[in-house]
Amino acid sequence: MEQHFTDTIDAGRRIEPRDWMPDGYRKTMIRQIAQHAHSEIIGMQPEGTWITRAPSLRRKAILLAKVQDEAGHGMYLYSAAETLGADRGDLTRKLIDGRQKYSSIFNYPALSYADVGVIGWLVDGAAIVNQVPLCRSSYGPYARAMIRICKEESFHQRQGYELLLAMMNGTSAQRAMVQDAADRYWWPSLMMFGPPDADSPNTAQSMKWGIKRHTNDELRQRFVDMTVPQAARLGVTLPDPDLRWNDERGHYDFGEPDWEEFKAVLSGAGPCNAERSARRRAAHDDGAWVREAALAHAARTRNPPAERIFAATGAPDA
Ligand code: BYC
């Protein structure tokens, strides 16, 4: 069975839910998919705070649609984790109790409306660079979920960039807001790709299993190369004095993110960790009655009371 699994991966074919897989593969897939799902769900919070304060009806409609998409992504991903035997309620409890991670990026605040644009441009931009290769990930349900997610992320990135273009063509105060947001989000966006390869405990095995197709550093470089010309077009300066084109490498050189800050954010000491978790916990508690009502409704639908059957079909003969 192990040979068949290895042959399937080596031939670039997909592992499907009913196929045999090593325990480590299942565990790694559940970890990655759960962290990804949690990121989508927690990721609704920073931008969500701006829905009621959007500057126009058009911006509000776009932002609502985007945040709703993130909820949808979380749902596809929890479903993908369920195909591996994970229990959705259990995953949610692990998120709420702080036993499972979500992306570091969502532990930073969204301080102005320009942050909505910069999150779309940089955070969704980084997400696309990271997730497009995952459409070829070896686990079928995850790879297929990723195709739809990437299409939607692409819309998210464009709406962010379009919003920033509008602001950069506005007043000097608006341009300053965009620059400030880019200054705050640049380094945390680079951290989204994970620790440097030398400090990444999972990359080597995940590459062998075809779960990941590129290393963290490869994707970080790809993101920098893609983003620098976009920043120039916008008229935004990226806050890195070491950022320059390297003709020999055919890539941009860039500075080192503050990995101590990254570790602090992962260990719960980021600017918004406590707030994000508390909000998620409160939403879960406040939603208890919805879950109870849904369960009661499902039970009633499975075993409808006699009077409802008779109302629909007419009373039986005495
Ligand atoms: N934040 O060995 P490594 C989105 C963890 S959602 C937090 O390199 P791996 C969006 C890592 O999980 C964005 N934790 O790990 C949503 C591992 O944890 P364990 C989320 C991080 O898995 C709404 C440990 O550190 N995207 O885009 O090989 C609105 C060691 O790292 C981070 C995904 O989840 C981090 N930044 O590689 C807008 C994509 N980085 O083992 C946008 C799918 C690392 O200690 N995930 N860790 O539990 C992946 O591609 C990979 O899991 C990663 C990490 C590249 C993130």
Problem - Working for side-chain contact (heavy atoms from CB on, under 4.5 Å), residues Leu95 and Ile42 - result: CA-CA 10 Å; Leu95 167 67; Ile42 297 281; 4.3 Å; yes
Handout entry: Co-members of Val290 in a cluster of I, L, V, M, F, W and Y side chains, linked at under 4.5 Å
Key = Trp289
Exercise for the section: Taking Asp225 for its side chain and His251 for its backbone only, find out whether a donor-acceptor pair lies under 3.5 Å. Expected result: no
Problem - Arg18, CZ: over 12 other non-hydrogen atoms inside 6.0 angstrom - result: no
Handout entry: Ala34 versus Leu91, closest heavy-atom pair with distance
Key = CB-CD2, 4.1 Å
Practice task
Could you tell me which non-hydrogen atom of Asn107 sits nearest to which non-hydrogen atom of Pro271, and how far apart they are?
Solution key: O-CD, 3.2 Å
Handout entry: Under 3.5 Å donor-acceptor, Arg276 side chain and Phe106 backbone
Key = yes
Handout entry: Shortest non-hydrogen contact from Cys135 toward Ala143
Key = O-CB, 3.4 Å
Exercise for the section: Kindly compute the distance separating OH (Tyr139) from OH (Tyr25), expressed to the nearest 0.5 Å. Expected result: 7.5 Å
Exercise for the section: Using atom types as modelled and distance alone, determine if a side-chain donor or acceptor of Asn169 lies under 3.5 Å from a backbone N or O of Leu165. Expected result: yes
Exercise for the section: Would you indicate whether the side-chain heavy atoms of Ile15 and Ile9 approach each other to under 4.5 Å? Expected result: yes
Practice task
Inspect the surroundings of CG in Asp23 and state if more than 12 heavy atoms from other residues, nucleotides or ligands are less than 6.0 Å away.
Solution key: no
Practice task
Establish whether Val129 and Phe262 are linked, either directly or via other cluster members, by ILVMFWY side-chain heavy-atom contacts under 4.5 Å.
Solution key: yes
Handout entry: Validation row: Glu248, Asp253 side chains within 4.5 angstrom (heavy atoms)
Key = no
Handout entry: Distance, nearest 0.5 Å, that separates OG1 of Thr227 from CZ of Arg233
Key = 15.5 Å
Problem - Joint cluster assignment, Met191 & Met226, ILVMFWY side-chain distance < 4.5 Å - result: yes
Handout entry: Heavy-atom side-chain proximity of Val118 to Trp186 below 4.5 angstrom
Key = no
Handout entry: Charged N-O contact under 4.0 Å between Glu70 and Lys66
Key = yes
Handout entry: Within one Ile-Leu-Val-Met-Phe-Trp-Tyr cluster: Ile149 and Ile128, side-chain cutoff 4.5 Å
Key = no
Exercise for the section: Say whether, by atom type as modelled, one donor and one acceptor occur between the side chain of Asp97 and the main chain of Arg99 under 3.5 angstrom. Expected result: no
Handout entry: NE2 on His73 to CD on Glu153, rounded to 0.5 Å
Key = 5.0 Å
Handout entry: Leu190 side chain near Val224 side chain, heavy-atom distance below 4.5 Å
Key = yes
Problem - Phe5 side chain near Asp19 side chain, heavy-atom distance below 4.5 Å - result: no
Problem - Test log, rule side-chain contact (heavy atoms from CB on, under 4.5 Å), inputs Glu47 and His156 - result: CA-CA 12 Å; Glu47 290 167 288; His156 297 169; over 6 Å; no
Practice task
For the pair Asn202 and Thr28, evaluate side-chain contact (heavy atoms from CB on, under 4.5 Å) and give the outcome as yes or no after the intermediate values.
Solution key: CA-CA 8 Å; Asn202 300 302; Thr28 301; 5.6 Å; no
Exercise for the section: Consider only side-chain heavy atoms of I, L, V, M, F, W and Y, link residues closer than 4.5 Å, and tell whether Phe155 and Tyr161 are in one cluster. Expected result: no
Practice task
Give a yes or no on whether the backbone of Thr237 and the side-chain of Gln179 come within a donor-acceptor separation of less than 3.5 Å.
Solution key: yes
Handout entry: Worked verdict on Leu234 versus Trp121 for side-chain contact (heavy atoms from CB on, under 4.5 Å)
Key = CA-CA 11 Å; Leu234 269 179; Trp121 172 40; 3.8 Å; yes
Problem - Distance in Å, Phe223 CZ paired with Leu122 CG, rounded so as to fall on 0.5 Å steps - result: 5.0 Å
Practice task
Answer yes or no: are there more than 12 heavy-atom neighbours, outside Arg148 itself, under 6.0 Å from its atom CZ?
Solution key: no
Problem - Linked, directly or transitively: Met29 and Met1 (ILVMFWY side chains, under 4.5 Å) - result: yes
Handout entry: Aromatic ring pairing Tyr252/Trp245, orientation class (parallel under 30°, perpendicular over 60°, tilted between)
Key = perpendicular
Exercise for the section: Nearest 0.5 Å please: distance from the CG atom of Leu77 over to the CD atom of Gln35. Expected result: 12.0 Å
Practice task
Mind jotting down which residue pairs meet the salt bridge (Lys or Arg N to Asp or Glu O under 4.0 Å) criterion with at least one end in residues 205-219? Sequence neighbours excluded, please.
Solution key: Asp217-Arg220
Handout entry: N-O pairing of Arg281 and Asp285 below 4.0 Å
Key = no
Handout entry: Electrostatic pair Asp115:Arg184 at N-O distance under 4.0 angstrom
Key = yes
Practice task
Report the residue from Glu40, His36, His38 that forms a side chain to side chain donor-acceptor pair (under 3.5 Å) with Tyr78.
Solution key: His38
Handout entry: Side chain to side chain, Tyr113 and Leu63, heavy atoms closer than 4.5 Å
Key = yes
Handout entry: Minimum heavy-atom distance between Gly74 and Ile41, given as atom pair plus value
Key = CA-CD1, 4.0 Å
Practice task
Might you confirm whether atom CZ of Arg158 has over 12 heavy atoms from other residues, nucleotides or ligands at distances under 6.0 Å?
Solution key: no
Handout entry: Any Gln45 side-chain heavy atom under 4.5 Å of Arg280 side chain
Key = yes
Practice task
Provide the closest heavy-atom pair for Ile119 versus Pro46 in the form atom of the first, atom of the second, distance.
Solution key: CD1-CB, 4.2 Å
Handout entry: Donor-acceptor under 3.5 Å (Ser137 side chain, Ile211 main chain)
Key = yes
Handout entry: Side chain to side chain, Glu16 and Pro141, heavy atoms closer than 4.5 Å
Key = yes
Problem - Test item: Ser138 side-chain N/O and Trp209 main-chain N/O as donor-acceptor pair under 3.5 Å - result: yes
Practice task
For Gly255 and Trp187, work out which heavy atoms get closest and say how close.
Solution key: O-CZ3, 3.6 Å
Exercise for the section: Can you establish whether the number of heavy atoms outside Arg31 located under 6.0 Å from its atom CZ is more than 12? Expected result: yes
Practice task
Spell out, as yes or no, whether a donor-acceptor pair under 3.5 Å connects the side chain of Arg291 to the backbone of His284.
Solution key: yes
Problem - From Leu219 atom CG to Leu134 atom CG, the distance as rounded to the nearest 0.5 Å - result: 8.0 Å
Handout entry: Ser79 side-chain N/O to Met75 backbone N/O, donor-acceptor pair under 3.5 Å
Key = yes
Handout entry: Test item: Trp259 side-chain N/O and Pro196 main-chain N/O as donor-acceptor pair under 3.5 Å
Key = no
